[in-house]
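Worksheet: one structure, shown below.
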Amino acid sequence: MGDAGESWVAKEDYAERNTFKTYGKKHRREYVACFDNLKLIVSLLNQHGGPGSFHVGFFRSEGEEVYRIGQTGVSHAHETRLYIHIDDKTRHVQVLTIGDKTTQGDDIRRCHRTARMLKGKDL
Amino acid sequence: MTTVNSIDNMAASLADDESIKKDMAIHAADCRLTHLLIVLRNAGGLTQRDVAKKMKCDASKISRIEAGSDKQLRWGDVVSYLGALNVRMSVLVDAQDLDTSARIKHHIFAIDGLLKELSDMARKCGEDAAFCAGIDKFYHEVLWNFMRRFCDCYSRLPTVGPVMVTPDKGLTTIAGQDQFSPASREAVAAPV
């Protein structure tokens, strides 16, 4: 885990743009809530140094440095997950994709593939 | 550093919809207090379960509090939650149309009250030289931090430009020219 003090940067280089566009149209409130929670996660990363140093209910590891951020503050919400990759070394938070319960298996698989690719780049 | 604005921009860019930014601002305002609770809990190194134990309730209640919006929060839960974190709460009630200058004055009065509290404490502990020296040092830090921030904001005024504060010259421009007219000097020196 990195030291607190240096800044984490949220990036969209590997984001599945079409998925975001479609999801943002279909479930706007949940889309907004997930990105608002991303702001909180980046702020906590900056305060605590790494993803293992804080505990938030809507933020969960999916393995291989992939994490999911859920929506909060939305009544009768459509369960939504924003997937991100967190790299302790570069302090980059790559936004990957967004989806719901029905797509989560495929979403996680694709995110793991991207995470492995990012790790390969790192080596 | 990733700023709030850059994530707003990212959300808008990925959705290909600029109006998302407005919704982001509304949602952020709706969840300001719940997010603050999460930040404070983590700053205290506590898990949801720790807070639940202190509040003598189930962890699912803490999860529910943190997953809701500010409108869904119950006053009693907020008080108990902050009590569990050992955090003091103060409530500021003011008119929605209150201007920024009135808000600044309010905070200056509040800081004045706290500084008086500190000086009273120093007077009571007059025999403890180390304690008094610590408060003395802190007073200087307060002034220095305030002046730095004041200069930063003041220099952003379109009519002013870069300024700095030095112990001997006070507030001056970077080039050494005093930016204050006699009238504005009086305004700054006058009590609020």
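What you see is a predicted model; the values in this text were computed from it and never measured. The chains referred to below are lettered A, B, ... by the order of the sequence lines, with proteins before strands, and numbering in each begins at 1.
Of all heavy-atom pairs spanning A/Ser75 and B/Gln72, the tightest one is CB-NE2, 4.3 Å. Shortest non-hydrogen contact noted between B/Cys31 and A/Gly73 is SG-CA, 4.1 Å. Summarising the geometry of A/Asp36 relative to B/His27, their closest heavy-atom pair is OD2-ND1, 3.0 Å, with the distance given to 0.1 Å. Minimum interatomic distance between B/Leu14 and A/Val95 (heavy atoms only, all atoms of both residues): CD1-CG1, 4.2 Å. B/Ala15 approaches A/Lys21 most closely through the heavy-atom pair O-CG, 3.6 Å. Listed here is the closest heavy atom pair of A/His55 and B/Arg41: O-NH2, 2.6 Å.
Interface remark: of the candidates B/Ala43, B/Gly68, B/Ser69, B/Ala67, B/Ala67 forms the most heavy-atom pairs closer than 4.5 Å to chain A.
Under a hydrophobic-cluster definition in which Ile, Leu, Val, Met, Phe, Trp and Tyr are linked whenever side-chain heavy atoms come within less than 4.5 Å, directly or via other members, B/Met89 and B/Leu114 are assigned to different clusters. By the criterion of side-chain heavy atoms lying less than 4.5 angstrom apart, applied directly or through intervening Ile, Leu, Val, Met, Phe, Trp or Tyr residues, B/Leu40 is not grouped with A/Phe59; the two fall into different hydrophobic clusters. Under the 4.5 Å side-chain contact rule for hydrophobic residues, B/Val142 and B/Phe150 do not share a cluster. A single hydrophobic cluster is seen to contain both B/Val87 and B/Ile62, as judged by linkage of ILVMFWY side chains at heavy-atom distances under 4.5 Å, directly or through other members. Each of B/Met24 and B/Ile26 belongs to its own hydrophobic cluster when Ile, Leu, Val, Met, Phe, Trp and Tyr are linked at side-chain heavy-atom distances under 4.5 angstrom.
The contact between A/Ala15 and chain B is made entirely by side chain atoms (from C-beta outward), counting heavy-atom distances below 4.5 Å. Looking at A/Phe35, the atoms closer than 4.5 Å to chain B (heavy atoms on both sides) sit in the backbone and in the side chain alike. Neither the backbone nor the side chain of A/Tyr23 comes within contact range of chain B; no heavy atoms are under 4.5 Å apart. Contact of A/Val93 with chain B is not made at all, since no heavy-atom distance falls under 4.5 Å.
Within a 6.0 Å sphere centred on CZ of A/Arg17, other residues, nucleotides and ligands contribute more than 12 heavy atoms. For B/Asp99, the CG atom counts as densely surrounded, since its 6.0 Å shell holds more than 12 non-hydrogen atoms of other residues, nucleotides or ligands. No more than 12 heavy atoms of other residues, nucleotides or ligands shown are found within 6.0 angstrom of CD on B/Glu127. Other residues, nucleotides and ligands contribute at most 12 non-hydrogen atoms within 6.0 Å of the CZ atom of A/Arg60. By the neighbour-count criterion of 12 heavy atoms within 6.0 Å, atom CZ of B/Arg74 is sparsely surrounded, having that number or fewer from other residues, nucleotides or ligands. Counting heavy-atom neighbours within 6.0 Å of B/Asp112 CG, excluding the residue itself, gives a total above 12.
Salt-bridge annotation for B/Asp17 and A/Lys25: absent, with no side-chain N of the basic residue lying under 4.0 Å from a carboxylate O of the acidic one. Here A/Lys39 pairs with B/Asp8 in a salt bridge; the nearest charged N to carboxylate O distance falls below 4.0 Å.
The closest side-chain heavy-atom distance from B/Asn42 to A/His48 is below 4.5 Å. Side-chain contact check for B/Ile7 versus A/Val42: some heavy-atom pair is nearer than 4.5 Å.
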Practice item. Dump the intermediate steps for side-chain contact (heavy atoms from CB on, under 4.5 Å) on B/Ile20 and A/Arg28, then the final yes or no. Key: CA-CA 8 Å; B/Ile20 284 277; A/Arg28 190 182 177 93; 3.9 Å; yes
Exercise for review: Please assess A/Thr72 against B/Glu66 for the test side-chain contact (heavy atoms from CB on, under 4.5 Å), listing each intermediate value before the final yes or no.
Suggested key: CA-CA 8 Å; A/Thr72 57; B/Glu66 294 184 359; over 6 Å; no
Exercise for review: With side-chain contact (heavy atoms from CB on, under 4.5 Å) as the test, would you mind laying out the steps for B/His35 and A/Asn37 before giving the verdict?
Suggested key: CA-CA 9 Å; B/His35 280 192; A/Asn37 285 342; 3.1 Å; yes
Review point. Does the side-chain contact (heavy atoms from CB on, under 4.5 Å) test come out yes or no for A/Phe58 and B/Ile38, once each step is laid out?
Key: CA-CA 11 Å; A/Phe58 59 74; B/Ile38 294 170; 4.1 Å; yes
